[in-house]
Every structure is written in structure tokens, then in C-alpha cells.
2 protein chains.
Amino acid sequence: MPFPTETGRAVLTTNIVVFSLRDEQLKLLLVRRRNPPFQGCWALPGGVVGEDEDIEANATRKLEEGTGVSGVYLEQLCTFGDPGRDPRERVISVAYYALVASERLQVRSDAHGEDVGWFALAELPPLAFDHAKMVQVARQRLAAKLDYSTIAFQFMPERFTLSDLQKVYQMILDRDLDKRNFRKRMLAMDQIRETDEVRRNGSHRPARLYRVANPQEVQIIK
Amino acid sequence: MPFPTETGRAVLTTNIVVFSLRDEQLKLLLVRRRNPPFQGCWALPGGVVGEDEDIEANATRKLEEGTGVSGVYLEQLCTFGDPGRDPRERVISVAYYALVASERLQVRSDAHGEDVGWFALAELPPLAFDHAKMVQVARQRLAAKLDYSTIAFQFMPERFTLSDLQKVYQMILDRDLDKRNFRKRMLAMDQIRETDEVRRNGSHRPARLYRVANPQEVQIIK
DNA sequence: GCAAAAGTGTTCTAGGTACACCCATGT
DNA sequence: ACATGGGTGTACCTAGAACACTTTTGC
């Protein structure tokens with residue numbers, strides 16, 4: 001029993017908007033295209049989904065190839081499939097976004113030389129295909145999820161200070177937050193735990209270190 | 001410059017979770033499959049995307065074919081593409097959900113006889129493929145959007161009472177709401193307008209009729 | 001006059017926001 | 001002793017939740 005149409009087959013791909021915090025900035029992982037179309041242009045990592053490969057598994061695999069990291073938070077974002085978005089033929093791209101703690105990143109990403117790079121959101125180069133649109137949607141989704149989930153903890157290293165965490169929120173939301181209110185809210189949601197360690201860092205009072213209570217899960221709160 | 005792979009092409013389809021309020025219940029539009037696989041089984045409306053057809057345009061078209069209604073609210077939900085979700089070959093389905101005011105529905109949907117039907121959410125028959133999962137995701141999304149958007153107004157006819165509107169919210173959220181608080185909240189968001197008409201409906205006080213201020217747009221509020 | 005749905009306000013609580021000073025350390 | 005970032009509490013305000021009675025009509 002064949003499929004009732006012989007037309008309309010499309011190439012299936014994924015693209016991943018990989019966020020990470022580097023140099024105190026929210027950055028994206030981009031790769032430079034080696035082949036046409038958009039040769040030499042920066043683009044989101046991703047690739048063609050194998051014949052018997054699960055779509056999300058493909059995204060996970062491409063992410064691991066690009067960052068050397070496994071077990072990161074990955075969520076389906078949106079699917080792009082305009083005819084003509086790829087000049088060669090019909091290509092469907094399922095876009096994902098991912099959050100990686102920078103401490104987990106391998107040097108590998110940089111070792112590739114000019115072909116892989118991290119770019120601050122405000123300084124993105126022109127992107128291939130409709131990837132700029134994907135980035136925009138991902139950014140909105142990320143900012144929205146800050147409000148009602150523990151997604152921001154995905155960026156945090158094993159041990160971190162409340163000031164570290166506040167900087168993360170401020171970078172994503174792109175505005176300053178009140179220190180006292182922020183701490184109150186973070187502690188009230190009961191998702192981070194005080195450790196008995198502190199971090200000494202310059203000529204001032206050391207900062208208490210915290211850890212995420214459930215580092216694996218992203219909880220929906222409230 | 002051909003695409004660098006000859007494998008991995010997939011059939012591209014859409015499926016639409018069409019919600020409407022009928023008989024004071026939240027119902028879904030289903031169609032009965034005439035061909036294998038899942039012959040005779042109920043499934044979500046949808047179909048194969050044409051070679052040069054936009055994906056969302058395909059969903060709109062299939063929705064119009066099933067309901068006779070155009071200009072309805074339609075939003076991309078999620079993409080399903082497990083290898084093996086269709087036994088014939090690799091099929092990617094981009095799921096959408098749509099909200100239709102029941103007054104706008106043509107009789108056509110019923111005229112097809114047994115092939116098209118509206119089913120209450122609590123009484124869905126077994127569904128083909130992974131359509132049950134699509135319904136579940138759509139339902140969650142719809143309930144979530146009630147809280148922070150004007151999406152519920154998409155179900156409302158030209159003129160309606162606040163009691164009508166409250167029933168809609170109660171059906172979607174599946175719980176009772178306080179009448180006074182509900183009215184206060186609805187009026188506070190300033191998205192519906194009082195008309196000078198009332199509806200007489202039985203031996204009791206007539207109800208004031210309202211209209212939606214911006215029927216076309218779904219606004220994100222708060 | 002009675003049954004039935006429409007309509008209307010107040011109180012309480014919780015969460016968010018605004019806001020300023022002391023603490024512990026290194027130099 | 002001073003510069004630096006870490007750490008803390010209170011007052012206010014707003015939004016949401018709980019809650020009961022009067023109004024208008026048809027019969």
C-alpha cells in the first residue's frame with residue numbers, strides 16, 4: 001500500500017539555536033557554511049535527518065557534534081518550511097533551541113578555527129536562510145520561560161552565587177533587577193540550595209555558593 | 001548544485017486540531033479514514049502539503065475544506081516525525097490548532113454523513129497515528145493561552161452575554177469560575193464592548209449583549 | 001408571587017515593587 | 001581606612017479569591 005502521492009517529498013533538517021553564557025554575555029553558536037547556497041555565511045548548526053533517525057535525536061546529535069556536550073536542555077521551537085527557503089529544493093527545518101552551561105563546553109568549538117563561533121545576540125552577523133527568524137522566535141521563547149520555569153538554571157555551573165544567577169536573568173531579560181527582590185523570589189521558589197562553600201573573588205566579602213536542587217529537570221512553576 | 005544527500009526525503013503533511021463549541025461542549029472535528037493504514041479509524045483533518053505550497057497555507061486550506069470557514073485563528077503547535085509513525089514511509093506532520101466560532105460553521109461538516117464528526121474531548125474515539133498526542137498538546141496549549149491572551153474570544157459569536165463567555169472559559173478549563181470575579185476580570189482587560197442590546201431567554205431578567213473589540217486579533221495580555 | 005438567570009461590592013490575602021544601609025574582605 | 005561587591009527587611013500596592021443578596025423578567 002504505497003503512499004497516495006508521488007509528489008511533495010521534502011528534505012528534512014533540523015537547526016538548533018544554542019544559547020550559552022560566555023564572557024558575561026548571552027551568546028549563540030554559529031557555524032560558517034562551506035558550501036552553497038550561502039557559502040561562507042554564518043548559519044545555525046543543524047543538518048539533514050537520517051532516513052530512520054528521530055528528529056529530536058538528530059538535533060541532539062548535531063548539538064553534541066558542535067559543542068561536545070550531551071544531556072543539555074533541548075526543546076522544539078517551530079517548523080519552517082516555506083517553499084523557496086532553500087533555493088535547491090523543498091527543505092523542511094524543525095528548529096530547536098538549547099541551553100548549555102558554559103563550563104561544560106569543550107574547547108573543541110573554538111579549535112575548529114573560523115568555522116565555529118560564539119556571537120553575542122546584539123552582534124549577530126547576517127544569517128543564512130531564515131535562521132534570523134529562528135533566532136528571534138527562540139529568544140522570545142527563552143525570555144517568556146524565565147517567568148514561569150526554572151529554565152535559567154540550565155545555564156548555571158555546579159556552584160554559583162546569587163549574583164551570578166541575577167546576571168543571567170538580567171542578560172536574558174535585558175534589564176536590571178532589584179537585588180533584594182530577586183533573591184527573595186529565587187529562594188521562595190525553593191529550587192536552589194545553599195552550600196556551605198563561599199567564593200572569594202577580590203577585595204570584598206566572599207559570596208555564598210548555591211547549587212540547583214534538580215539540575216536535570218526544568219520545572220514549570222506557579 | 002544538488003542537495004548533498006539523496007536519502008532522507010519525507011512526505012510532508014499537516015494535521016489540524018479544530019476546536020469548536022457545540023451543544024455547550026468543547027468539541028473536536030474528526031474525519032474517518034477511508035484508506036489504510038487505520039482505515040475506518042477517526043483522525044485529525046489534514047493532508048499532504050503540495051510541492052510548492054506553504055505549510056500553513058495547506059493547513060488553512062484543509063481547515064476550510066473541513067469546516068467551510070475561512071479566516072479562523074490558526075497556530076502552529078508542534079511537529080511530529082517519528083520514523084515509523086506512518087507504516088508506509090517517513091511522514092512528517094506539522095500539527096496546527098484552530099478555533100472556530102460554532103455559528104460560522106457550515107452544515108457541510110454534518111452533510112458528509114459518517115465521514116466527518118464533532119466529538120467532545122471526553123468522548124474521543126481511538127485516533128489514528130499519533131493524533132491523540134497532538135490533541136493532548138493542543139489542549140494544554142489552549143488552556144494555557146486562556147490565561148494570558150484573548151484567544152477565547154475566537155469562539156464567540158458576534159453578540160454574546162457574559163454568561164456565555166464564562167461558560168466557554170469553564171469548558172476549556174474544566175472547572176467553575178466565580179461569576180463576579182470573572183466579570184470584573186473580563187471588563188478590566190478592556191477587550192469587549194457593551195452593546196445596547198439584550199437577549200431575552202426564558203422567564204428571567206434579560207442579559208446584556210457584548211461584542212469583541214478586536215475580533216480579528218488575538219492579543220497577548222499582561 | 002415565584003422561579004430562574006442577570007447583575008453587583010467588599011474584604012482578605014499574597015505576591016510584586018520600591019527602597020537604603022551594614023558586612024566582610026583585600027589592599 | 002577605604003573601596004568593593006555581598007547580604008538583608010519593611011512598607012506599599014495591586015491583583016486574585018472568597019463570598020450573598022437584589023433585579024428583572026415570564027408564567
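Labels below follow one simple rule: chain letters A, B, ... track the order of the sequence lines, proteins then strands, and each chain is numbered from 1. Everything numeric here is computed off the predicted structure, so don't read it as measured data.
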Checklist entry - Heavy-atom distance under 4.5 Å between the side chains of A:Phe19 and A:Leu28, does that happen here? => result yes
Next on the checklist: Counting C-beta onward and ignoring hydrogens, is there a side-chain heavy-atom pair between A:Leu146 and A:Ile151 closer than 4.5 Å?
Outcome noted: yes
Next on the checklist: Go through it in stages, so that I can follow the logic: the residues are B:Arg33 and B:Phe129, the test is side chain to side chain contact (heavy atoms under 4.5 Å, CB included), and I'd like the CA-CA distance, side-chain angles, deciding distance and then a yes or no.
Outcome noted: CA-CA 11 Å; B:Arg33 287 183 58 81; B:Phe129 305 107; 3.4 Å; yes
Checklist entry - Would you say the side-chain atoms of B:Glu194 pair up with the backbone N or O of B:Arg208, donor to acceptor, closer than 3.5 Å? => result no
Checklist entry - Going through the checks in order, is the salt bridge (charged side-chain N to carboxylate O under 4.0 Å, His left out) test met by A:Lys133 and A:Asp82? => result CA-CA 12 Å; A:Lys133 179 76 183 161; A:Asp82 283 2; over 6 Å; no
Item to check | Terminal contacting nucleotides, 5' and 3', DNA chain D versus chain B (heavy atom, 4.0 Å) | outcome: D:dG16 to D:dG26
Checklist outcome for this item: Each nucleotide of nucleotides 18-27 of chain C classed B (base within 4.0 Å of a protein heavy atom), S (only sugar-phosphate) or -, in 5' to 3' order, makes BBB--BBBB-
Item to check | Separation of C:dG7 P from B:Arg199 CZ (nearest whole Å) | outcome: 10 Å
Next on the checklist: Any non-hydrogen side-chain atom of B:Glu103 less than 4.5 Å from a side-chain atom of B:Phe160?
Outcome noted: no
Checklist entry - For the side-chain contact (heavy atoms from CB on, under 4.5 Å) test, which of B:Val17, B:Leu44, B:Leu74 pairs with B:Tyr96? => result B:Leu74
Checklist entry - Rounded to whole angstrom units, what separation is found between the CE atom of A:Met186 and the P atom of C:dG15? => result 15 Å
Checklist entry - Taking C-beta and beyond as the side chain, do A:Arg32 and A:Trp42 meet within less than 4.5 Å on heavy atoms? => result yes
Next on the checklist: In the structure I gave you, are the side-chain heavy atoms of A:Thr60 and A:Asp54 within less than 4.5 Å of one another anywhere?
Outcome noted: no
Checklist entry - For the pair made of CG in B:Asn201 and P in C:dG7, what is the distance, rounded to whole Å? => result 12 Å
Checklist outcome for this item: When rounded to whole Å, the CG to C1' distance for the pair A:Leu177 and C:dG16 reads 12 Å
Checklist outcome for this item: Separation of C:dT17 atom P from A:Asp176 atom CG, nearest Å, is 14 Å
Next on the checklist: Can you tell me which residue among B:Val72, B:Val218, B:Val168 is in a side-chain contact (heavy atoms from CB on, under 4.5 Å) with B:Gln154?
Outcome noted: B:Val218
Next on the checklist: Among residues 149-175 of chain B, which ones have heavy-atom contacts with DNA chain D below 4.0 Å?
Outcome noted: none
Item to check | Side-chain donor or acceptor of B:Asp178 paired with backbone N/O of B:Arg180 under 3.5 Å | outcome: yes
